[in-house]
Amino acid sequence: MCQLVGYIGDRPIASLILKALELQEPYFAAHATGMGVVDAKGKIQIQKATGPVAMVKKNTKIAKLRGRIGIGHSRYSAFAREDPPLRR
């Protein structure tokens, strides 16, 4: 099961996308989270890691991504369900 969020606009992109993914987690959980944005130079910047949004925010620079276009993704894997670091 996957959650996807996209945004195009002038508001702070990382916080919007991460908040939308966090709001979906109680329904679907997350074993991996990532986000890609198109930065001011037109380059795609990506941050991703294993874990729910809070863990990925803590362990990466995902919350610092800047841009006007972005997509976020979190994934639940039945195979990862028993992974102790990811249990809630």
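Any value given below was found using the heavy atoms of this structure, including those in side chains, with hydrogens, waters and symmetry copies removed.
- Pairing each heavy atom of Thr60 with each of Val56, the nearest pair is OG1-O, 2.7 Å.
- Judged purely by atom type and a 3.5 angstrom limit, Thr33 uses its side chain to pair as donor or acceptor with the backbone of Gly51.
- Atom CG in Leu65 sits 4.5 Å away from atom CE in Met35 (nearest 0.5 Å).
- Atom CZ of Arg75 is separated from atom CD of Gln3 by 10.5 Å, given to the nearest 0.5 angstrom.
- Scored by the side chain to side chain contact (heavy atoms under 4.5 Å, CB included) test, Ile8 finds Ile69 as partners (sequence neighbours excluded).
- Clustering ILVMFWY residues whenever any of their side-chain heavy atoms sit less than 4.5 angstrom apart, transitively, puts Val5 in the very cluster that holds Val37.
- Listed for the Glu25 side chain is a donor-acceptor partner under 3.5 Å among the backbone atoms of Val53.
- A salt bridge links Arg68 to Asp10: at least one charged side-chain nitrogen sits closer than 4.0 Å to a carboxylate oxygen.
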- Report the C-alpha distance between Cys2 and His73 in whole Å, list the side-chain angles of each, state the deciding distance to 0.1 Å, and finish with yes or no for side chain to side chain contact (heavy atoms under 4.5 Å, CB included). CA-CA 7 Å; Cys2 296; His73 173 266; 3.4 Å; yes
- side chain to side chain contact (heavy atoms under 4.5 Å, CB included) between Lys61 and Gln47, worked out: CA-CA 7 Å; Lys61 296 179 181 178; Gln47 289 285 314; 4.1 Å; yes
Identify all side-chain donor-acceptor contacts of residues 12-22 below 3.5 Å with residues at least two apart in sequence or on another chain.
| from | atom 1 | to | atom 2 | distance (Å) |
| --- | --- | --- | --- | --- |
| Ser15 | OG | Pro12 | O | 3.2 |
| Glu22 | OE2 | Lys57 | NZ | 3.4 |

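- For CG of Leu23, the number of neighbouring non-hydrogen atoms (other residues, nucleotides, ligands) closer than 6.0 Å is greater than 12.
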